[in-house]
Amino acid sequence: MPRPCRESYGDQKPPYSYISLTAMAIWSSPDKMLPLADIYRFISDRFPYYRRNTQRWQNSLRHNLSFNDCFVKIPRRPDRPGKGAYWTLHPAALDMFENGSFLRRRKRFKLPKPEEDKEKRKRPAPFSIESIMSDSRPAASKQLHYLPNLYGPFRFDSCK
DNA sequence: CGTTGTTTATGCAATA
DNA sequence: TATTGCATAAACAACG
């Protein structure tokens, strides 16, 4: 079963979920993180189907970004002003589509519920990758003021 | 204002 | 057949 990642679907709806499409967009970026508008652009650039009804699918896409724990929002730096934040993938969600389907995952990636008592005082280093993984706060209150270097050489040009 | 995020709700279809 | 993942709609806050 061919799984072309580029084009050739014409005006037909590509066999990918919004989560897949978004993950593809993020994967494709050099820094493995993109602002919303760039995710839009990635999708509509190579899938003609998504050049219409933008209001509808972009709303759905935004819903997915907020709703799914597999997407992590990384705030902009003050020295890199712009509209929204950067979106990236949760490190524990990289094998999300290990079934190869890209339509429906076996299981939805979900962070543990706010069982606040669990690791109350086991504070890992605030900038370590462990602190991301163990962050079980609701998405709304989650704020990552750091850059997981796991995502490769991310540089703001004036990062010194 | 338009864009970006957050959240709740409903219905459908695939899976177990 | 019950559960779960997904698509869509919609209301709304926040931000530049």
Side-chain angles (χ1 to χ4, degrees), chain A residues 1-116 131-148 151 154 156-159:
Chain A
M1 168 78 82
R3 184 156 48 71
C5 195
R6 292 182 184 284
E7 204 61 73
S8 82
Y9 292 104
D11 288 347
Q12 296 311 305
K13 181 169 185 162
Y16 307 115
S17 64
Y18 289 121
I19 297 180
S20 302
L21 293 168
T22 304
M24 286 166 52
I26 292 175
W27 282 337
S28 80
S29 70
D31 302 320
K32 310 302 176 205
M33 45 166 51
L34 284 180
L36 181 62
D38 288 348
I39 299 177
Y40 289 161
R41 186 168 17 261
F42 175 93
I43 294 174
S44 58
D45 268 359
R46 58 205 75 200
F47 302 108
Y49 175 85
Y50 290 109
R51 285 167 197 167
R52 295 182 308 283
N53 304 319
T54 54
Q55 203 57 47
R56 190 166 10 128
W57 70 263
Q58 292 186 351
N59 182 24
S60 297
L61 185 54
R62 268 179 277 117
H63 160 76
N64 274 280
L65 283 173
S66 289
F67 180 76
N68 291 97
D69 288 343
C70 56
F71 299 117
V72 179
K73 192 177 65 175
I74 297 188
R76 280 176 183 271
R77 290 277 198 79
D79 53 308
R80 172 68 69 105
K83 191 60 171 106
Y86 284 87
W87 289 97
T88 187
L89 288 163
H90 193 287
L94 295 178
D95 57 349
M96 231 178 0
F97 297 106
E98 113 278 341
N99 51 16
S101 167
F102 288 90
L103 265 177
R104 182 190 174 94
R105 295 113 99 210
R106 262 202 289 277
K107 286 197 177 314
R108 193 190 297 238
F109 175 78
K110 263 312 187 186
L111 252 27
K113 266 299 164 187
E115 316 169 24
E116 40 201 302
S131 74
I132 313 176
M133 318 262 299
S134 64
D135 189 350
S136 57
R137 287 174 295 167
S141 60
K142 212 181 300 179
Q143 285 224 338
L144 305 178
H145 293 292
Y146 50 81
L147 212 48
Y151 294 126
F154 182 86
F156 305 95
D157 350 4
S158 55
C159 191

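Residue numbers begin at 1 in each chain, while the letters A, B, ... track the order of the sequences. Below, all heavy atoms of this structure are taken into account, side chains as well, without hydrogens, waters or symmetry copies.
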Can you tell me if A:S66 touches the phosphate of B:dG5, counting only side-chain N or O atoms and a distance under 4.0 Å to OP1 or OP2?
no

inquiry  = So, does A:Y18 get its side chain near the phosphate of C:dT8, meaning an N or O under 4.0 Å from OP1 or OP2?
reply    = yes

Please list each protein N or O that sits under 3.5 Å from an N or O in nucleotides 11-16 of chain C, with the distance.
| residue | atom | partner | partner atom | Å |
| --- | --- | --- | --- | --- |
| C:dC15 | O2 | A:K83 | NZ | 2.7 |

N/O to N/O distances under 3.5 Å, protein versus nucleotides 12-16 of chain B:
| residue | atom | partner | partner atom | Å |
| --- | --- | --- | --- | --- |
| B:dA14 | N3 | A:R104 | NH2 | 3.4 |

What N/O pairs connect the protein and nucleotides 9-11 of chain B at under 3.5 Å? Give each pair on its own line.
none

Open item on the list: For A:F47 and A:Y50, take the angle between the two ring planes, folded into 0 to 90°, and tell me which bin it lands in: parallel under 30, tilted 30 to 60, perpendicular over 60.
Closed with: perpendicular

- Query: How is A:F109 classified with respect to the nucleic acid when contacts are heavy atoms under 4.0 Å: base, sugar-phosphate, or nothing?
  - Reply: nothing

Item to complete: Looking at every strand, decide which applies to A:S17 at a 4.0 Å heavy-atom threshold: base, sugar-phosphate, or nothing.
Response: sugar-phosphate

Applying salt bridge (Lys or Arg N to Asp or Glu O under 4.0 Å) to A:K110 and not counting sequence neighbours gives A:D69

Across all chains, not counting sequence neighbours, the salt bridge (Lys or Arg N to Asp or Glu O under 4.0 Å) partners of A:R41 are A:D38

Hits for side-chain hydrogen bond (donor to acceptor under 3.5 Å, both in side chains) against A:S20, two or more places apart or cross-chain, chain-then-number order -> A:S17

Given the rule in the side chain to side chain contact (heavy atoms under 4.5 Å, CB included) test, do A:M24 and A:F97 qualify, once you have shown the distances and angles that lead to the verdict?
CA-CA 11 Å; A:M24 286 166 52; A:F97 297 106; over 6 Å; no

